[in-house]
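Notes follow once the structure below has been shown.
All chains are named by letter (A, B, ...) in the order of the sequence lines, taking the proteins before the strands, and each is independently numbered beginning at 1. The structure presented is a predicted model; accordingly, all values stated were derived computationally and were not measured.
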2 protein chains.
Amino acid sequence: MTVPDISDYLPHIAFDSVIFGFSKGQLKILLMEYHATGWYALPGGFVGVKEGLNQAVERGLKERTGLENIYLEQFYTFGDFNRHGAEVMKRILEANGYAVNESYWLLDRFISVAYYALIDVEKVTLQPDSLSDSIGWYPIDALPQLIFDHQQIVTKALDTLRYHLDRKLIGGKLLPEKFTMNDLQRVYEAILGEKLRRTSFQRKLLGLDILKRHEKHFTGKSHKAPYLYSFK
Amino acid sequence: MTVPDISDYLPHIAFDSVIFGFSKGQLKILLMEYHATGWYALPGGFVGVKEGLNQAVERGLKERTGLENIYLEQFYTFGDFNRHGAEVMKRILEANGYAVNESYWLLDRFISVAYYALIDVEKVTLQPDSLSDSIGWYPIDALPQLIFDHQQIVTKALDTLRYHLDRKLIGGKLLPEKFTMNDLQRVYEAILGEKLRRTSFQRKLLGLDILKRHEKHFTGKSHKAPYLYSFK
DNA sequence: TATTATTGTCTCAATATGTAACAATAGACC
DNA sequence: GGTCTATTGTTACATATTGAGACAATAATA
């Protein structure tokens with residue numbers, strides 16, 4: 001495994017992805033943990049010199065999660081002069097056994113285009129990259145400390161997700177194909193961070209005429225079985 | 001006047017601004033017309049090697065309009081590989097008397113971060129840059145043909161403005177400090193591209209409790225004089 | 001068969017919005 | 001001054017949407 005070469009990528013330009021998933025009633029995101037340093041970061045990458053920006057992000061997502069055709073939305077480009085800490089990057093590279101000199105391109109100042117993605121956690125097989133020990137899911141309200149301005153990027157991603165929630169039909173992207181109304185309500189509650197009224201929620205979602213009702217789902221519990229739904 | 005030097009700016013990174021104004025009942029944007037070529041483009045610029053992205057855009061806006069502390073919002077970063085046409089850029093430079101060779105940095109592929117701004121047209125003094133003949137206001141629904149993907153950038157800016165209109169209190173940014181309810185309604189109508197109901201509009205805006213009522217405004221017309229308002 | 005937990009639907013009140021009506025009034029015209 | 005016209009601020013009523021609770025249906029258990 002070699003250290004990335006500047007000639008393959010556009011200098012000073014990066015992307016970061018906030019990849020949302022939902023499991024055990026919690027909204028979670030994917031984080032990478034770097035070798036030896038114990039530092040956490042958003043999965044990201046660089047743009048090939050002949051590659052489109054969106055294509056680069058889709059490529060990165062596929063490398064990390066194995067998934068294609070994911071719901072992906074660009075939400076902000078972070079460009080403060082001091083956002084990228086050269087000393088942090090240097091320690092990460094050194095901890096991986098790379099001896100880098102002061103002019104190595106990864107130590108330069110970077111502008112990062114941030115995307116958020118919504119995926120069904122059941123469909124994912126996680127793939128750490130060469131610099132990181134592990135990649136895993138972390139609940140949005142109990143994240144470890146992140147490098148650079150990545151916490152700010154996560155916060156803005158969540159704000160944007162909430163802002164889009166009732167205008168775009170994205171709530172179901174975090175669930176499998178078929179789900180119950182209760183599943184969907186818990187996703188909305190996890191995103192918004194507040195409890196919703198069951199009857200209002202059901203009436204509203206059904207009123208949008210975007211759900212298709214399927215057979216009942218028998219859980220084995222001793223009560224009325226809910227219907228399964230999918231998005232039309 | 002010299003041709004921009006690569007060493008001052010980050011390569012492959014640009015910004016473009018869609019600067020909205022309102023006059024004579026129409027929503028307009030600022031466009032530059034390049035020397036000799038007759039081509040039109042959004043005012044844009046580059047990011048200094050030690051300059052923040054937002055600071056670069058504010059600097060560009062001040063250079064073109066003389067204005068500071070403007071309402072400015074980043075809305076998308078355009079990064080398709082083929083969005084930047086080298087031959088178009090070359091002709092613009094040549095028409096300005098610069099002999100550029102094939103490796104000149106402005107001919108490279110660029111990723112552009114796009115912003116929109118809302119300003120009061122009365123407060124602006126327009127300043128063309130070194131490559132352009134003129135800068136002026138053009139009605140949003142009768143734009144000349146624009147270079148690169150700038151028409152797409154304008155379309156997305158307008159979509160975003162409409163999307164934000166009732167969530168952020170931005171309608172008044174296009175008007176002077178004090179305005180009548182009718183002025184404000186015509187701004188909303190120009191942005192949304194549709195007629196609004198007078199009474200509903202008035203009730204809604206007053207109900208938001210964001211307007212301060214001032215003295216009446218006597219226009220000289222033979223009818224009841226409207227109140228002036230400002231944003232709280 | 002009675003019990004329990006949860007679901008789907010309905011009802012009524014509260015709030016917001018669409019639509020029209022109406023009185024107030026600044027200037028024009030006589 | 002009195003009358004007319006255009007526009008404004010406000011109110012009234014119908015309609016649509018949402019909040020909050022009530023209630024019957026039902027899958028498994030005892």
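In this structure, N182(B) does not reach the dT7(D) phosphate: none of its side-chain N or O atoms is under 4.0 Å from OP1 or OP2. Note on K216(A): a side-chain N or O is less than 4.0 Å away from OP1 or OP2 of dA27(D).
Rounded to whole Å, atom C1' of dA27(D) lies 16 Å from atom CD of E215(A). Here dT18(D) presents its P atom at 10 Å from CG of D166(A), a figure rounded to the nearest Å. Separating the CZ atom of F218(A) from the P atom of dA28(D) is a distance of 6 Å, rounded to the nearest angstrom. Taking atom NE2 on H217(B) and atom C1' on dT7(D), their separation rounds to 13 Å, with Å as the unit. Across the protein-nucleic acid pair, L206(A) atom CG and dC10(C) atom C1' stand 14 Å apart, rounded to whole Å.
Remark: K62(A) engages E68(A) in a salt bridge (Lys or Arg N to Asp or Glu O under 4.0 Å) (not counting sequence neighbours). With sequence neighbours left out, the salt bridge (Lys or Arg N to Asp or Glu O under 4.0 Å) criterion links K178(B) to E215(B).
Among the protein residues, G207(B) comes within range of no part of the nucleic acid, since none of its heavy atoms lies under 4.0 Å from any strand.
Contact of the R109(B) side chain with the V47(A) side chain is registered, since non-hydrogen atoms from C-beta on lie closer than 4.5 Å.
The salt bridge (charged side-chain N to carboxylate O under 4.0 Å, His left out) analysis of residues 20-46 of chain A, with sequence neighbours excluded, yields no pairs.
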Q.
Applying ring pair (Phe, Tyr, Trp, His ring centres under 6.0 Å) to F148(B) and F110(B), what does each step give before you reach the verdict?
A. CA-CA 11 Å; F148(B) 303 159; F110(B) 271 83; 9.0 Å; no
Q) Does the salt bridge (Lys or Arg N to Asp or Glu O under 4.0 Å) test come out yes or no for D120(B) and K123(B), once each step is laid out? A) CA-CA 6 Å; D120(B) 173 5; K123(B) 295 210 182 101; 3.8 Å; yes
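Residues from residues 223-230 of chain B lying near DNA chain C, meaning a heavy-atom separation below 4.0 Å, are H223(B), K224(B), A225(B) in numerical order. Sorted by residue number, the members of residues 186-205 of chain A with any non-hydrogen atom under 4.0 Å from DNA chain C read R198(A), T199(A), Q202(A), R203(A).
By the 4.0 Å N-to-carboxylate-O rule, K204(A) lies too far from D166(A) to be salt-bridged with it.
Counted by atom type alone, H217(B) and Y229(B) present zero donor-acceptor pairs between their side chains at under 3.5 Å.
Classification of the F75(A)-Y116(A) ring pair by plane angle, with boundaries at 30° and 60°, yields tilted.
Ring to ring, F22(A) and F20(A) are not that close: their centroids are 6.0 angstrom or more apart. In this structure, Y34(B) has its ring center at least 6.0 angstrom away from the ring center of Y40(B).
Note that the two end axes of the helix from dT1(C)-dA30(D) to dC30(C)-dG1(D) enclose an angle of 20°, each drawn from 5 base pairs, rounded to 10 degrees.
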